[in-house]
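Chain naming here is simple, since letters A, B, ... match the order of the sequence lines and numbering starts at 1 in each.
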Amino acid sequence: MSNKVIEISNLGKQYRLGQVGTTTLSDDFKRWWYAFRGKEDPFLIIGDTNDRTKKGSSDYVWALKDINFSVNKGEVIGIIGKNGAGKSTLLKILSRTTAPTMGEYKIKGRIASLLEVGTGFHPDLTGRENVFLNGAILGMTKAEIRNKFDEIVDFSGVERYIDTPVKRYSSGMYVRLAFAVAAHLEPEILIVDEVLAVGDAEFQKKCLGKMKDVSGNGRTVLFVSHNMSAVNSLCTRCVYLKNGTVYSIGDTAKIVETYLSNESNAESCKVWDPSVAPGDSVARIISARVTDDKGLTIDHMLRDQKVGIEFEYEVLQEGHWPIPNLHVFNGSEEYAFVSVENELEYLSKKGKYRSVVWIPADLLNDGRYVFGLALTTMKPNVNVHFYAENVLQVEVIEDISKRNTSYNQRLPGVVRPQLNWETTLLSD
Amino acid sequence: MADMKTEPDEEHWDLVVKPKSSLFTLNLAEVWAYKDLIMLMVKRDFTAIYKQTVLGPLWMFVQPLFTTAIYTFTFSTSAKLSTDGIPPILFYIMGQTFWNYFADCLNKTSGTFISNSAVFGKVYFPRLVMPFSVVISSLIKLGLQILLLMAFYLYYYFTTDQLHPQWTLALLPAYLLILGVFSLSLGILFSSFTTKYRDFTFLLTFAVQLLMFASCVVFPVSMYSEKVQNILMYNPVVSCMEAIKYSLTGHGLFSWYYLSFVLLVTFIFLIISVVIFNRTEKSFMDSV
């Protein structure tokens, strides 16, 4: 007997674009007529793949198609993908709020879904009443809730307000109580959709900890998120959905990297068409590239090499004082730092300019970096003339043999500056 | 898929979800597993509705009292409609009490999918939990309103000699069951249709109003010619209401034939409605 707790085979979901949900009256009749004659549904064979950026030829779209994978007991599976890749549709089908159009899936054990916290909370009821109601909606019995009630209240930290109607709660308290109920569900399989993106930092930490506990107890978790660091720290395996199909599946670290480099629009060199170039009436960007110290465009670099971010722009109007600035993010989309040019007087004159900013060697960590370029007037008022987000990228590679330590794993951190150490022997 | 077939698939799966289930997969065991939720929903209906009111549950009595007063004035004092030999006030309050039970169930269950779409879209539980809880809370409300009815009934029982209770009163639970099942079936049928075609919400609003007049709530069936009576009695609401009136007062039409007919029809209707409801619940989120 295998360890599988979820097995998904050939799962697909079709939607119809436009006004009515999935179908029209005349299509209903057509379907019915085909079914009556024992033929296959005529609309299942047509339909485009789900790419919202392209205009398709058919009104029917496969939000999900040919999904095949299985999940073992105790695994924490991350489901990642761009908006519209089919993540939510997959969760909806797995949590049985909608039925698939084709294929099937099988499940072992009790399954609970957390697509939202506080489902069914009634504003007029007190915290206590809502804990019971919400718990029952999520599939707990009254006795189970009663046993865990103190724990739930304790976890939420809203003990003082437990007999107050939840409409008087602050939004944070509301969410805390709601998550507390959900966190004390004890299903064998838990489906979670980005509910962690709520509450303050302390509470988020608590939630992540609780999720880890859940998976530690041998329970299976399906976790959908855009937060790559949460996915990284929680999930053992990842499913990367793209346009409604499984693009790749495997180790979290590998899949997250594939995802980020795949979905990124950043390049190592970019020239804008003047009609679409980011900018306003004061200034407009012309081109940008990543260069090495010899002026060559590069897409990867060694960590002990310096790298230049160069961009050209045109100032179209006198009387402003635009200052170029650079925004640096690492591969997990975490902000690394910002760098701003000095306030140069001649930038207020009309004309084309080129700015290069040099990032010194031994500052960036290994991995991918993404750059955003901006031109901003700082005084008298802050006014952003353009901000070209995520336009450039570079892959930083480290020659581990050159490290000053024998530790050969990746060192964490958004940057890794070379710092001076002074260590002295104080006594023998 | 190929290698899946080579290994003997004898694993036990608790749940297998396919695009379409067979017509009669009515999983009552699953609904039973959620009995706590049903009871909590009933409790919610009562606690939430009277929050921030001064009179609280007393409102349950205010409404039938005032309506009865108006009906007595309009239909009895002004229009001089017959009340079948029952004191007018008692006649109207009786009609009110049982009609409200029916209309309440119908109105609320017909909104099952639309008004709960926010919850249904996020969590799965047997959708029938919602209409069931509505019927139970309406039944409790009816129970309380029957207390009011009893007060009037006892008053007239001891002050007049117009009331002659019959042994068929023992079947009151059966009449209420028929009324409840009928409104539930009608309600969930409507709620299934409204997920796709909102026209049914408009239809229902005035249909309930019209049905009240077709159900002889404010005047007795005996007002009509025998021919019309025979048609009206096929309406489960009419035959049940008449049976209740007859059982309580000895006035009204009581017919085993019509009662067994509506009992049969109501349960067939229930099965059809539940099948349609189940087909709708699987993917109504796509069209709601």
Side-chain angles (χ1 to χ4, degrees), chain A residues 1-2 4-5 7 9-13 15-16 20-23 25 28 68 92-116 119-120 122-126 129-130 132-145 165 188 193, chain B residues 1 4-5 7-21 30 33-53 116-127 129-130 133 195-198 278-288:
Chain A
M1 194 139 166
S2 78
K4 282 180 203 161
V5 286
E7 188 174 289
S9 27
N10 290 322
L11 204 68
K13 176 81 187 173
Y15 282 109
R16 181 178 180 275
V20 188
T22 51
T23 183
L25 198 56
D28 269 354
N68 286 292
K92 271 190 197 158
I93 293 174
L94 289 181
S95 56
R96 293 169 78 190
T97 57
T98 189
T101 318
M102 58 179 286
E104 61 166 32
Y105 67 90
K106 296 184 257 183
I107 280 177
K108 238 179 267 172
R110 203 163 99 163
I111 183 164
S113 54
L114 219 56
L115 304 195
E116 172 192 73
T119 308
H122 193 292
D124 279 317
L125 296 183
T126 65
E129 289 164 330
N130 270 313
F132 278 92
L133 189 62
N134 186 231
I137 286 177
L138 293 174
M140 286 193 263
T141 64
K142 223 169 162 176
E144 278 177 287
I145 306 167
E188 279 97 15
D193 187 11
Chain B
M1 283 304 288
M4 247 186 66
K5 276 183 187 136
E7 81 182 46
D9 193 17
E10 281 170 31
E11 292 179 51
H12 167 74
W13 296 97
D14 294 309
L15 174 70
V16 178
V17 177
K18 290 178 181 172
K20 286 193 181 93
S21 48
E30 204 186 6
Y34 278 85
K35 58 185 185 302
D36 283 348
L37 179 59
I38 298 182
M39 290 335 284
L40 281 163
M41 283 291 169
V42 171
K43 204 178 147 200
R44 180 196 73 173
D45 283 349
F46 280 94
T47 38
I49 205 166
Y50 297 114
K51 284 267 159 109
Q52 290 199 358
T53 60
N116 293 307
S117 61
V119 178
F120 284 0
K122 298 295 179 189
V123 184
Y124 175 81
F125 51 84
R127 303 327 192 188
V129 160
M130 290 301 191
S133 76
T195 60
K196 251 189 194 171
Y197 310 107
R198 291 295 155 85
N278 273 346
R279 304 203 83 184
T280 312
E281 77 165 24
K282 287 201 84 178
S283 54
F284 88 98
M285 276 316 294
D286 304 334
S287 53
V288 75

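Neither the backbone nor the side chain of B:Met39 has a heavy atom closer than 4.5 Å to any heavy atom of chain A. For a residue to count as touching a neighbouring chain, one of its non-hydrogen atoms must lie under 4.5 Å from one of that chain's; by this rule B:Phe120 touches chain A with the backbone only. Residue B:Lys122 touches chain A through both its backbone and its side chain, counting heavy-atom pairs closer than 4.5 Å.
Judged by the 6.0 Å distance and 45° axis criteria, B:Lys43 is not positioned over the aromatic ring of B:Phe46.
The existence of a salt bridge linking A:Glu129 and B:Lys51 is confirmed by a sub-4.0 Å separation between a basic side-chain nitrogen and an acidic carboxylate oxygen.
The most heavy-atom pairs under 4.5 Å with chain B, out of A:Thr141, A:Ile137, A:Asp124, come from A:Ile137.
Atom CD1 of A:Ile107 is separated from atom NZ of A:Lys4 by 14.0 Å, given to the nearest 0.5 angstrom. Atom CG of B:Leu40 is separated from atom CD1 of A:Ile145 by 6.5 Å, given to the nearest 0.5 angstrom.
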